[in-house]
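The structure under discussion appears below in the form of structure tokens.
So that the names make sense, note that chain A is the first sequence line, chain B the second, and so on, each numbered from 1.
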Amino acid sequence: MFRILKKSLKTGVVTGRHPAAAPTVEAPTSEAQDKAKPFRSSLAFRAVDTGSCNACEMEMNALANPVYDIERFGIHIAASPRHADALVVTGPVTVNMERALKDVYKQTPDPKIVIALGDCAINCGMFKGSYAVTGPVDRHVPVDVRIPGCPPRPAEILKALSELRERKP
Amino acid sequence: MADAQTAMIQLKEAYGASIAEMTPINGTPRLRVKKDDVPQVAHFLHTHPSLRGALSLLWAVDHRPRESRYELCYLFTLAERKDWLLLCTDQPTDDRLFPSITPHIHAAKWYEREIRDMFGLIPKGHPDLRRLVRHEHWPKGTHPLKKDFPWNRVMGRQQGEHHFRQIEGEGVFEVPVGPIHAGIIEPGHFRFSVAGEPIMQLELHHFWTHRGVEKLFEQQELTAAVPLAERVSGDTTVGHGLAYCQAVESLLHLQVPRRGRYLRSLFLELERLHNHLGDVGAICNDTAYALPHAHCGRMKEQLMQLNDRLSGSRFLRGVNRVGGVAVDLTAVQLAEIVAELDRIEKDFSELESIIASNASLTDRLETTGILTERTAWDHAVVGVVGRASGLDQDLRRDRPFAAYDELQVKVVTYRYGDVRARMRVRMDEIHESMRLVREVRAKIPQGPVAVEPSSRPQAGEWALSAVEGWRGEILYLVMAGENGNIHRCKVRDPSFVNWPAIQWAVLGNIIPDFPLINKSFNLSYAGNDL
């Protein structure tokens, strides 16, 4: 008990101890910002991997660690698409995952936003053209926000999400 | 005990008539066997008490257009000295059947199904001929690794449904899970058959993230495909990149400078560290013990940020290149790494004692998800999972690569094969990796870090390479084609062999323990599906 307490006190607060994100390459469009309006104070997202190499997943998991602590911005990771406001899709859409992606999109209640995370989701990256890849995410479902990078750093994901939900002056 | 040479002599005595040719290839003895005799010879290699060869890799090559034949190769690792022995057999292009060795050797099961899907060759006598990589909606006759299949073909769709093995009886029901899971993980489908809570059967239905990696390799030049190798499985960026580079280097007869080899070991250990730290935390988190998860997540993040400072990538992408490494470290940076690791090790040791003193955690982990040594050996399980089940194997010691011939690696093994053993292997390996990094810093020589590739290999030459990534052995086979292109690249992530084993480890456990068992294996879907 005291050991745990000591450890926690010794460690202190680590939240926010990360290098600042590079300026976002692609600013969110005003349509996307309008769509994200209902989710300004709370956003539940569901991650869907449609064929990524799992680096994007690792960075999304990192968002939940104490350093980035995404929940402090009111962003939660939903366990089911039915509870989600946003879908975060990673990876090129493979032949095998195409149907699953469309199903998930249908199951997510409206209003919803779709975020394509990582280069593969945006333009298939290195896997472009392969027989097993059907195309980028926006070929199958409408994409509102694009966060490029291979993979994007957690700080960049955070920045893109906060710009999306920013209140306009 | 048996090394590869005595094994060859024994085989010659027993099966002299069926062995056509014996030649070493890059130091690996190779036997050319008549097609129909492969199962017997493989059975002998696998079961003979002085050989006990485990099937490490099984691959097929389509030699067209240069030669009109397929070739099947079986790579065995002999038990005692971990020597490699290769069986090869030719397959004429007009004959689709080849004899299956799965009835004798469990480990061949997925490989042969994979060959069937990718090449259209049918393993005769295989107990399970359902599709593996190609889901049922792929049109008939699509075998992507055949040379007459265009790499960028647009796939059609047909009707089809995967048939799972069914258990019937009163109170038996099926629980489907996936492909999209509750956590942020990759897609895969699990089908449980349960009576009440205990799992009677688990069947995997994977390959959702199949991106055609092996075919994409064939479109690339030998020296240019490192970025693709790094994206086979993102969490094993260095492991896959290194394994690919080593294969190409032995094709091009390149000698990587010593400093380059030391840096490769260093980067590989850094990758092992951040993944193992994450896994220890995640295993605790799956028992709802959030405190170690938070601490491990924080330490892992420190390491990822360190990676970023060293190489400009949190996953150490781009550190490996053909001929050496692309990133040299200064003495200041090496000192920074060691200082950071010293801090983390102290931090982690404190956490370890907190974890060890938690009785309810130990209760959850002990005897959960036991993979017996016998089952592990039968399936030729590798890496952390194998070492937790008592298989004393680690390529860093058994088949030294990078700078491991000059570094002493202490291999961690546990015998129980449960979740706790797998967690403890990781914890001990964290300390061992930190020690290795310190040893690298003490021993690293000055000099160049890379050499430029100059020659071009002959078409048809090939090389194997093996790297002990953080998950286990990564094997690459690279065969050169015309004009410095790749003719064939077989990638084997440790996940591919460890996934089938999980079906045995969960038997008798309750479904709520499955996520925990799965996490303790922590296998890659992307590396498995390719």
Side-chain angles (χ1 to χ4, degrees), chain A residues 3-4 6-8 10-11 14 17-19 46-69 77-81 88 90-92 94-101 103-104 120 124-134 150-151 153-154, chain B residues 134-135 137-138 142 144 149-155 157 179-180 182-187 207-213 215-216 219 227-228 230-235 237 278 282 291 293-295 297-298 300-302 304-305 308-309 314-315 317 347 350-351 353-354 357 524-527 529:
Chain A
R3 194 155 40 181
I4 296 172
K6 191 180 153 203
K7 179 91 191 140
S8 300
K10 221 167 102 181
T11 308
V14 295
R17 274 200 218 161
H18 58 81
R46 170 87 283 259
V48 181
D49 174 348
T50 55
S52 91
C53 70
N54 77 27
C56 290
E57 274 64 49
M58 263 174 87
E59 295 298 49
M60 262 197 280
N61 276 319
L63 286 175
N65 75 22
V67 177
Y68 298 100
D69 190 19
I77 298 157
S80 159
V88 180
T90 58
T94 62
V95 169
N96 290 344
M97 277 304 285
E98 181 191 340
R99 185 143 301 174
L101 173 66
D103 286 350
V104 158
C120 291
C124 295
M126 305 218 76
F127 306 103
K128 193 170 187 169
S130 162
Y131 65 89
V133 168
T134 60
C150 186
R153 293 179 173 82
Chain B
R134 305 181 303 151
H135 282 187
H137 58 74
W138 289 41
T142 42
F149 185 95
W151 73 278
N152 52 2
R153 173 166 163 178
V154 177
M155 198 67 71
R157 209 178 174 93
I180 293 168
I184 304 180
I185 44 172
E186 301 166 76
F207 298 90
W208 299 87
T209 67
H210 177 72
R211 295 151 288 166
V213 170
K215 192 78 176 177
L216 285 169
Q219 315 311 317
L228 182 59
E230 289 181 334
R231 283 157 185 82
V232 168
S233 179
D235 50 13
T237 296
L291 180 100
H293 184 231
H295 281 293
R298 165 177 67 78
K300 178 186 166 130
E301 179 62 28
Q302 275 172 282
M304 302 283 278
Q305 289 180 13
D308 203 358
R309 290 199 295 278
R314 287 162 57 87
F315 292 83
R317 281 197 165 148
D347 204 345
E350 288 170 9
L351 184 67
S353 59
I354 293 174
S357 63
S524 165
Y525 299 69
D529 302 352

Side chain, backbone, both or neither: which part of [X] has a heavy atom under 4.5 Å from chain A?
X	value
B/His293	neither
B/Leu216	side chain
B/Arg134	neither
B/Ser353	both
B/Arg314	side chain

[Y] backbone acceptor or donor facing [X] side chain under 3.5 Å:
X	Y	result
B/Arg231	A/Gly125	no
B/Glu350	A/Arg3	no
A/Asn96	B/Phe207	yes

Study note, to complete from the structure: Sorted by chain and number, sequence neighbours left out, side chain to side chain contact (heavy atoms under 4.5 Å, CB included) with B/Leu291 holds for A/Ile4, A/Ser8, B/Tyr289, B/His295, B/Ile354

Review point. Once you round to the nearest 0.5 Å, how far does CD of B/Glu186 lie from OG1 of A/Thr90?
Key: 8.5 Å

Practice item. May I ask you to name which of B/Arg157, B/Met155, B/Met304, B/Gln219 has the most heavy-atom pairs under 4.5 Å with chain A? Key: B/Arg157

Per-residue contact mode, [X] against chain B (heavy atom under 4.5 angstrom):
X	value
A/Thr134	neither
A/Asn65	side chain
A/Pro81	neither
A/Ala64	neither

If you count heavy-atom pairs under 4.5 Å with chain B, which of [options] comes out on top?
options	result
A/Lys10, A/Arg99, A/His18	A/Arg99
A/Ser80, A/Ala132, A/Cys120	A/Ala132
A/Val67, A/Val133, A/Thr11	A/Thr11
A/Asn54, A/Thr94, A/Val48	A/Asn54
A/Asp49, A/Val14, A/Val88	A/Asp49

Review point. Would you say the side chain of B/His137 lies within less than 4.5 Å of the side chain of A/Val95, judging by non-hydrogen atoms?
Key: yes

Ignoring hydrogens, what is the shortest heavy-atom contact between [X] and [Y]? Give both atom names and the distance.
X	Y	answer
B/Ala294	A/Pro66	O-CG, 3.3 Å
B/Glu301	A/Ala62	OE1-CB, 4.1 Å
A/Arg46	B/Ala182	NH2-O, 2.7 Å
B/Ile184	A/Ala47	CG2-CB, 3.9 Å
B/Gly212	A/Ser130	CA-OG, 3.9 Å
B/Phe315	A/Ala55	CZ-O, 3.5 Å

Point to revise | B/Arg153 to A/Tyr131 six-membered ring, cation-pi geometry met (6.0 Å, 45°) | key: no

Exercise for review: Could you walk me through whether A/Cys53 and B/Arg211 pass side-chain contact (heavy atoms from CB on, under 4.5 Å), step by step?
Suggested key: CA-CA 10 Å; A/Cys53 70; B/Arg211 295 151 288 166; 3.9 Å; yes

Check your understanding: Given A/Met58 and B/Lys300, is the side-chain contact (heavy atoms from CB on, under 4.5 Å) satisfied, shown in steps?
Key -> CA-CA 11 Å; A/Met58 263 174 87; B/Lys300 178 186 166 130; 3.2 Å; yes

**Study point:** Cationic N near anionic O, under 4.0 Å, A/Lys7 to B/Asp347
**Key:** yes

Check your understanding: Sequence neighbours excluded, which residues qualify as ring pair (Phe, Tyr, Trp, His ring centres under 6.0 Å) partners of B/His135?
Key -> B/His205, B/Trp208

